[in-house]
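Quick notes on the structure that follows.
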Amino acid sequence: MLKKTNKIIVPSDKTFIPLWGSLNNKSSDTERIRSISEFLQSAVRQQYNPDKIDIIYDNIAENILNFSLQDTYKCSTQSCSSLQRNFKMRVGVSMKKLMRISRVYHIFNNMLYAGCFNSQDLMVYGNYYDQSHFIKDFKGLTGQSPKHFFRHNTELCRIFSGMHKENYNKSN
């Protein structure tokens, strides 16, 4: 059995002072656990302020067709290499890779809602300037050409993206 002491630990960070004060007034372990839980829940409820990496990620994911990597570099206070390194460390992929993923995602969604495969229309929708660039990016992400991929993997992609067959058929 553990001995209870009346020693007070003074933290160096002022963040925990209210917690230590409330724990000092509790007489049972259940009350102390409740105080710690309430403290942690209040800390989690604090609003998160997005930083530069969050903003860049959101711009790529939500606005890929109008996103400019060069404009991002110009607006940044960091060097290009530092920004790229910090982005990759935080997100797990480079900005260029996320741009490719986002473009293909937009193309895939357009293909699902259009209901048919027309490589020229999808290429234009993905903001590609030529077909070879489109096919190279697509193969790099999926391992297959767009035509082969959409012909054989459409139903699997609907399942992974949360679009079930009955929902897809109702929208057409």
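In this structure, the ring pair (Phe, Tyr, Trp, His ring centres under 6.0 Å) partners of Tyr128, at least two apart in sequence or on a different chain, are His133, Phe134. Listed by chain and number, the residues in a side chain to side chain donor-acceptor pair (under 3.5 Å) with Ser82 are Ser79, Arg85 (sequence neighbours excluded). With sequence neighbours excluded, no residue forms a side chain to side chain donor-acceptor pair (under 3.5 Å) with Thr30. Contacts of Lys26 classified as side-chain contact (heavy atoms from CB on, under 4.5 Å), with partners at least two apart in sequence or in another chain: Glu31, Arg32, Ser35. Remark: Arg100 engages Asp137 in a salt bridge (Lys or Arg N to Asp or Glu O under 4.0 Å) (not counting sequence neighbours). For Ile101, the side-chain contact (heavy atoms from CB on, under 4.5 Å) criterion is met by Lys97, Leu141, not counting sequence neighbours. Residues passing the side-chain contact (heavy atoms from CB on, under 4.5 Å) test with Lys136: none are found, sequence neighbours excluded. In this structure, the side chain to side chain donor-acceptor pair (under 3.5 Å) partners of Asp54, at least two apart in sequence or on a different chain, are Tyr48, Arg90. Partners of Asp130 under the side chain to side chain donor-acceptor pair (under 3.5 Å) rule, at least two apart in sequence or in another chain, are Ser132. With sequence neighbours excluded, the residues that form a side-chain contact (heavy atoms from CB on, under 4.5 Å) with Phe39 are Thr15, Phe16, Leu19.
One hydrophobic cluster holds both Leu65 and Ile56 under the rule that ILVMFWY side chains link at heavy-atom gaps under 4.5 Å. Under a hydrophobic clustering in which Ile, Leu, Val, Met, Phe, Trp and Tyr are joined whenever their side-chain heavy atoms come within less than 4.5 Å, directly or via other members, Leu23 and Ile33 fall into different clusters. No continuous path of hydrophobic side-chain contacts links Ile55 to Ile64 [ILVMFWY only; heavy atoms under 4.5 Å].
Side-chain atoms of Ser102 come within 3.5 Å of backbone N or O of Leu98 as a donor-acceptor pair.
Taken from CG in Asn59 to CG in Asn66, the straight-line distance is 10.0 Å, to the nearest 0.5 Å. Expressed to the nearest 0.5 Å, how far OG of Ser94 lies from NZ of Lys96 amounts to 8.5 Å. Residue Ile60 holds its CD1 atom at 4.0 Å from CZ of Phe87, rounded to the nearest 0.5 Å. In this structure, CG in Asn86 is found 12.5 Å from NZ in Lys52, a value given to the nearest 0.5 Å. The distance from atom CE of Met89 to atom CD1 of Ile53, rounded to the nearest 0.5 Å, is 9.0 Å.
Within 6.0 Å of NZ on Lys88 lie no more than 12 heavy atoms contributed by other residues, nucleotides or ligands.
Smallest separation of non-hydrogen atoms from Met95 and Leu83: CE-CG, 4.0 Å.
The list of salt bridge (Lys or Arg N to Asp or Glu O under 4.0 Å) pairs with a residue in residues 55-73, not counting sequence neighbours, is empty.
With contacts defined as side-chain heavy-atom distances shorter than 4.5 Å, the pair Phe138/Arg103 does not qualify.
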